[in-house]
Every structure is written in structure tokens, then in C-alpha cells.
Asks: 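After the C-alpha cells below, expect a handful of questions from me.
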Number of protein chains: 2
Amino acid sequence: MSTEPEVPANRAPTLTDVAKLAGVSVATASKAINGRDEVKAATRARVLKAAELLSFAPNALARALLGGRTGTVGLLTSDLEGRFSIPILMGAEDAFGAGQVSVFLCDARGDAIREAYHVRALLSRRVDGLIVVGSDTDPRPPLAGTIPVPVVYVYAPSADPGDISITVDNVGGGRLAIDHLLACGRRNIAHVTGEPGFAAARDRAEGAAAALTDAGLTMLGGKPYYGSWDETWGGPRRTSWSSSTPRWTPFSAAATRSRGASWRPCVTSGAMCPMRSP
Amino acid sequence: MSTEPEVPANRAPTLTDVAKLAGVSVATASKAINGRDEVKAATRARVLKAAELLSFAPNALARALLGGRTGTVGLLTSDLEGRFSIPILMGAEDAFGAGQVSVFLCDARGDAIREAYHVRALLSRRVDGLIVVGSDTDPRPPLAGTIPVPVVYVYAPSADPGDISITVDNVGGGRLAIDHLLACGRRNIAHVTGEPGFAAARDRAEGAAAALTDAGLTMLGGKPYYGSWDETWGGPRRTSWSSSTPRWTPFSAAATRSRGASWRPCVTSGAMCPMRSP
DNA sequence: CTGAAAGCGCTTACAG
DNA sequence: CTGAAAGCGCTTACAG
């Protein structure tokens with residue numbers, strides 16, 4: 001054990017610094033710090049004290065270079081500003097545990113070139129896996145090239161059925177909504193939804209229609225009311241209607257203005273139902 | 001140059017693989033790939049072709065171990081779900097450039113313990129710097145311990161004036177709002193704002209009051225209307241008022257329901273004004 | 001129980 | 001122009 005602390009000058013302390021201060025070899029210091037049991041208790045204590053003294057934090061890069069795992073994951077979103085990436089990111093973070101696995105967040109801004117850049121960077125950082133989050137439930141083209149790590153597509157499934165995708169059961173969601181209204185005693189039920197160009201809108205409509213049919217009912221107006229994906233379309237404030245839509249105001253937008261709890265976006269046709277695998 | 005491609009079996013291709021395939025040493029392969037000019041053009045071409053063939057992506061970890069820089073930054077937020085972290089994250093990402101610097105996103109969920117865990121993890125991953133994003137403009141305690149990399153506090157400044165903080169000029173924001181209304185010809189101006197426990201509310205009120213005083217006017221009601229940080233407080237729908245607030249409805253919440261553009265949160269007292277350093 | 005040695009994938013002086 | 005060698009910070013067999 002040297003006489004003075006020898007705090008390293010201008011760089012982060014290394015295992016060698018710790019070992020030197022504790023008067024052992026780096027091999028032993030490594031074992032002590034990693035909780036291997038082939039170390040005498042007194043030795044371990046000395047090493048740990050030295051590490052503490054130097055505020056030693058093991059270099060995860062060096063460790064990863066050996067182990068093959070980096071403990072990092074890339075989360076690639078196409079639409080960070082949107083409503084869906086953040087909850088998914090938070091769920092992933094929770095699952096990974098604070099500090100166990102760290103996530104690289106990349107926003108491709110809906111641009112394929114940008115996405116490719118990010119993938120390249122993430123792979124050279126040797127992430128252990130990739131999570132690709134889309135902003136709607138329409139299938140998207142899989143990542144180009146051979147990706148040497150596991151990839152999970154979330155929200156927007158991969159167009160390749162061989163890939164692993166976690167997406168929303170929108171057909172089931174449409175069913176759930178109708179079943180709920182039926183359970184409330186309603187019989188005259190309309191379906192107000194988003195643009196028919198989205199799989200989400202079509203799928204929910206399909207589920208809703210099926211549930212109504214099962215109940216021996218028909219949809220009010222005979223078909224879903226497709227419209228734009230915003231609260232205005234579902235709200236009561238509409239004053240002029242196009243000829244293809246009925247003169248009738250289905251929902252109150254009151255939920256979007258509820259008092260108290262912090263203010264949250266609210267979609268009128270079920271996008272907020274819990275995610276489940278298909 | 002070997003006769004068959006020798007694609008490595010079950011692992012990512014390394015510089016050694018590339019060098020072998022190109023028939024040069026790793027040193028030369030390294031120089032060729034990194035664009036050093038001490039390499040014969042023909043040799044460089046051969047190396048690049050080999051790299052291409054193997055889909056070689058240099059191991060950023062190994063590179064970082066040498067260079068001292070990792071090209072990564074930690075972004076530590078306390079409130080990912082809130083309104084402010086995401087725009088800041090996107091700005092940072094833009095500034096870093098896709099794939100040049102990657103950002104680790106960590107959400108401390110407002111918990112100091114969790115924050116400490118994340119800091120520890122980020123430091124062991126040897127980030128080149130840290131961005132700490134708060135959810136309001138009240139000063140926050142600086143990160144505990146000695147942080148060996150540059151730290152920038154954003155939105156919520158550090159309580160230590162020696163630290164670098166980028167925050168919002170709320171006093172100036174309050175002034176701007178009043179100046180705008182004055183320019184529109186208004187003379188009876190009230191200030192409806194958030195809870196007085198927040199520096200943001202107090203600062204904006206201060207700026208607004210000062211601008212009114214400068215114009216020889218007084219604030220309608222004689223003082224700011226402090227209330228909860230939500231649209232309801234600023235909106236027209238209020239039916240009952242506490243005795244401390246006037247029977248008067250200041251703002252229309254219509255902006256939060258505007259048609260067309262995708263739906264955005266809207267704060268009634270200026271939080272959305274552009275950020276500037278103090 | 002402890003330590004010398006090899007090696008993870010790369011870069012950088014330093015000889016040839 | 002090219003390559004052998006050392007080294008970044010760590011871990012892991014393998015001897016002692």
C-alpha cells in the first residue's frame with residue numbers, strides 16, 4: 001500500500017490505479033470488484049476501499065470489448081414527437097432497469113436515409129439489440145441489410161412476417177369498444193374513426209362491425225364515419241359538414257379538457273387501449 | 001488475397017478479417033479505412049472492397065478505448081412524459097448530427113436515487129458529456145459527486161451558479177407578451193398564470209408587471225391571476241370561482257382545439273416561447 | 001487465495 | 001508506402 005493516495009491526475013481512475021493503491025494485482029482487483037469468491041475477505045475489503053477512495057467506475061467499454069455484450073440497446077423511432085414513442089421508450093427503460101441496460105435513442109424523422117445512418121452508428125456501437133418504433137400500425141419495410149443483432153418492431157409491425165413485431169390488436173380494440181357500449185345498455189352505436197388509409201382505422205372498424213353483427217345490430221349510419229385523425233373530427237364543435245358525412249355530432253371533446261390531472265392527448269377511437277401482442 | 005471470402009462465422013467481422021481478405025496488415029487496413037493519406041490508392045481500394053464485402057463496421061468501443069472520446073452523450077431527464085424533454089432531446093440530436101454523436105436517454109422519473117444510478121451508469125459508459133433536463137425553471141441541486149465530464153443543465157438551471165445552465169428568460173417572456181398586446185392596441189391587460197410556487201409563474205408575472213409599469217398602465221385586477229398549470233384555469237368553461245379569483249373569464253381555450261395541424265399541447269402563459277440563455 | 005500472461009478490436013508512433 | 005509492436009482498460013483461464 002503506497003503512502004499517498006496517488007489520485008490520478010487528469011484522467012478517470014483505472015483498475016490499475018485501484019490495484020496499486022490496494023497493493024494487489026489487477027487480476028485480483030478485478031475479481032474483488034466483481035464479487036468473485038476466490039478472494040480473501042480482507043483483500044476484497046482493501047480493494048473496495050481503494051475503489052471507493054478513487055471513485056473508481058469500471059470502464060464499460062473495456063468490459064464490453066471482452067464480454068461480447070455491451071448492455072446497450074438502440075431505440076429507433078420515426079416520430080419522437082408523436083404520441084407513441086415515449087410511452088414505449090419508458091416501458092423499455094423500466095424493463096431494462098435503471099443502469100443495467102442503457103438505451104440509445106434515435107429519431108429518424110420518418111426519413112429512410114436518416115434511419116440507415118442511425119442503424120449503422122448503432123451497430124458500430126455494438127448494441128445488443130434494436131427496437132424499431134413506428135407511428136402507426138401499418139406494416140413497414142424491415143431494416144435493410146443483414147442486422148447482426150435481434151430486432152423487435154413495435155407498434156408498426158415489419159412487413160416481413162418472419163420478423164418479430166409487437167403491435168396493437170385494433171380489431172380486438174374495436175370489439176372491446178362495442179362490447180363496452182353494449183354492456184352499458186346502448187343499442188344505437190356509431191363508429192367515428194380516423195382516415196381509412198390507416199390500417200388502425202380499418203381494423204377497429206372491422207372489429208366494431210363484427211361485434212355489432214354478433215349482437216344482431218347494425219352500425220348507426222350503416223358504415224363507419226371515417227375522418228381526419230384529430231379531436232376536431234370527433235368533437236361537438238363542427239359547424240359545416242361535407243356531404244359525405246352526416247349532420248350529427250357524435251362525441252363530446254370534454255375528455256380532452258378534464259380538470260385536475262395533468263393534461264393528456266386523447267384520441268377518440270381507441271388508440272390508447274393497452275397494447276397486446278397479436 | 002485468399003481465394004474464398006472467408007466470411008467470419010458467428011461474429012461481427014473485424015479489422016483483422018478485412019486485412020486478411022485484402023492481403024494487408026491491420027495497420028494498413030486501419031489507415032486505409034480511416035482515410036489516412038499514407039496509403040497507396042490501389043491498396044486503399046482493395047481494403048475498402050474487402051470491408052464492403054464483409055459489411056465491416058468498425059467497433060466503436062475499441063476505437064473509443066484508444067481515443068478517449070466515445071462520441072456519446074447522456075441526456076438525463078426527470079420528466080420524459082412532460083412537455084419539455086422531447087423538444088430539447090430533438091434539438092440536441094439535430095446538433096449532434098445523425099450517427100456522429102449518439103445519445104443515451106435516461107428518465108429519472110423525478111427520483112434522486114434513480115438519477116444517481118443513471119449518472120453512475122453513464123459515467124461507466126464514458127459518455128463525453130451530460131445534459132440534465134428539468135421540468136420547470138426552478139433551480140435544482142447540481143449532480144452529486146465529482147462529475148469528470150462537462151455537464152449542461154437545461155430548462156431547470158443548477159442551483160450552483162458556477163455550473164453551466166441554459167434556461168428560459170421568463171421575465172423577458174412576460175415582457176414580450178405585454179409588449180405584443182400593447183402593440184395590438186390593448187390597454188386593459190390581465191395576467192393569467194400558473195402556480196406561484198413556480199419560478200416560471202413568478203418570473204413571467206414580474207416581467208409583465210414591469211412592462212405594464214413602463215407603459216404607465218396597471219395590471220387588470222391589480223395583480224396576476226395565479227392558478228393551476230392547466231388549460232382549464234385559462235379557459236372559458238369555468239363555472240364556479242373561488243373567492244380569491246375574479247368573476248371573469250380571460251382567455252379562450254380555442255387555440256387548443258384548432259383544426260388541421262396535428263394537435264399540440266398549449267400553455268397559456270408563455271412557456272412555449274423560444275429558449276434563450278440568461 | 002494471488003498474480004503473470006494473453007487477448008478483446010482497434011490506432012498510433014516507429015522502423016523499414 | 002507498409003507492417004511489427006505496444007497499448008487503451010479490463011477479464012479470464014492458467015499456474016503457483
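A note on names: the letters A, B, ... follow the listed sequences, proteins ahead of strands, and every chain is numbered from 1.
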Asks: Work out which heavy atom in K31(B) is nearest to a heavy atom in V39(B); give both atom names and the distance.
Replies: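 Shortest heavy-atom separation between K31(B) and V39(B) comes out as CB-CG2, 3.6 Å.
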
Asks: Starting at atom CG of L123(B), determine the distance to atom C1' of dG9(D), rounded to an integer number of angstrom.
Replies: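 The answer, rounded to whole Å, is 16 Å.
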
Asks: Rounding to an integer number of Å, can you tell me how far K40(A) NZ sits from dG3(C) P?
Replies: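 About 10 Å, once rounded to whole Å.
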
Asks: Got a salt bridge between R140(A) and D163(A), using NZ or NE/NH1/NH2 to carboxylate O under 4.0 Å?
Replies: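 Not counted as a salt bridge, because no side-chain N and carboxylate O are separated by less than 4.0 Å.
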
Asks: Remember a base hit wins even if backbone is also touched, and classify R36(A) as base, sugar-phosphate or nothing at under 4.0 Å, heavy atoms.
Replies: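 Since only primed, P, OP1 and OP2 atoms lie under 4.0 Å of R36(A), the category is sugar-phosphate.
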
Asks: Quick check: does any side chain N or O of D17(A) sit under 3.5 Å from a backbone N or O of T14(A), one acting as donor and the other as acceptor?
Replies: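 Indeed, once roles are kept as given, a pair shorter than 3.5 Å links the two residues.
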
Asks: Measure CG/D17(A) against C1'/dG9(D) and give the value in whole Å, please.
Replies: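 Checked: the CG to C1' distance equals 10 Å.
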
Asks: Write down the atom of A62(A), the atom of L65(B), and the distance for their closest heavy-atom approach.
Replies: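 Smallest interatomic distance, heavy atoms only, reads CB-CD1, 4.0 Å.
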
Asks: Separation of R11(A) atom CZ from dG7(D) atom P, in whole Å?
Replies: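 After rounding, the reported distance stands at 14 Å.
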
Asks: Which label fits F198(B) and W229(B): parallel for a plane angle under 30°, tilted from 30 to 60°, or perpendicular past 60°?
Replies: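 If you compare the ring of F198(B) with that of W229(B), the planes turn out perpendicular.
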
Asks: Can you find a side chain N or O atom of N34(A) that sits less than 4.0 Å from OP1 or OP2 on dT11(D)?
Replies: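 For dT11(D), OP1 or OP2 has a side-chain N or O of N34(A) closer than 4.0 Å.
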
Asks: Nearest-nucleotide wise, let me know which of L15(A) and E38(A) is further upstream toward the 5' end of DNA chain D.
Replies: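 Nearest-nucleotide comparison on DNA chain D picks L15(A).
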
Asks: Please check if atom CD in E38(B) has more than 12 non-hydrogen atoms from other residues, nucleotides or ligands closer than 6.0 Å.
Replies: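 Count over threshold, so yes.
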
Asks: Check the pair T72(B), T70(B) against side-chain hydrogen bond (donor to acceptor under 3.5 Å, both in side chains), reporting the backbone distance first and the verdict last.
Replies: CA-CA 5 Å; T72(B) 62; T70(B) 56; 2.8 Å; yes

Asks: Using Watson-Crick or G-U wobble geometry with both distances below 3.5 Å, tell me the partner of dG16(C), or none.
Replies: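 Looking at the geometry, dG16(C) pairs with dC1(D).
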
Asks: Can you list, by residue number, the residues of residues 60-74 of chain B that have a non-hydrogen atom closer than 4.0 angstrom to DNA chain D?
Replies: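 The stretch gives L65(B), L66(B) as the residues lying under 4.0 Å from the strand, ordered by number.
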
Asks: Ignoring backbone atoms, test whether T16(A) places a side-chain nitrogen or oxygen under 4.0 Å from the OP1 or OP2 oxygen of dC10(D).
Replies: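 No, T16(A) has no side-chain N/O under 4.0 Å of OP1/OP2 on dC10(D).
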
Asks: What's the CG-P distance between N59(A) and dG7(D), to the nearest Å?
Replies: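 Distance, rounded to whole Å: 18 Å.
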
Asks: Provide the closest heavy-atom pair for S78(B) versus S135(B) in the form atom of the first, atom of the second, distance.
Replies: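 That closest heavy-atom pairing would be OG-N, 3.9 Å.
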
Asks: Any donor-acceptor pair under 3.5 Å linking the side chain of R114(B) with the backbone of D107(B)?
Replies: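 Yes; at least one donor-acceptor contact below 3.5 Å.
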
Asks: Taking only heavy atoms on the protein side, list every residue of residues 25-33 of chain A lying under 4.0 Å from any atom of DNA chain D, sorted numerically.
Replies: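 Residues of residues 25-33 of chain A under 4.0 Å from DNA chain D: A27(A), S30(A), K31(A).
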
Asks: Can a side chain N or O of T14(A) be found less than 4.0 Å away from OP1 or OP2 on dC10(D)?
Replies: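 The answer is yes; a side-chain N or O of T14(A) sits under 4.0 Å from OP1 or OP2.
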
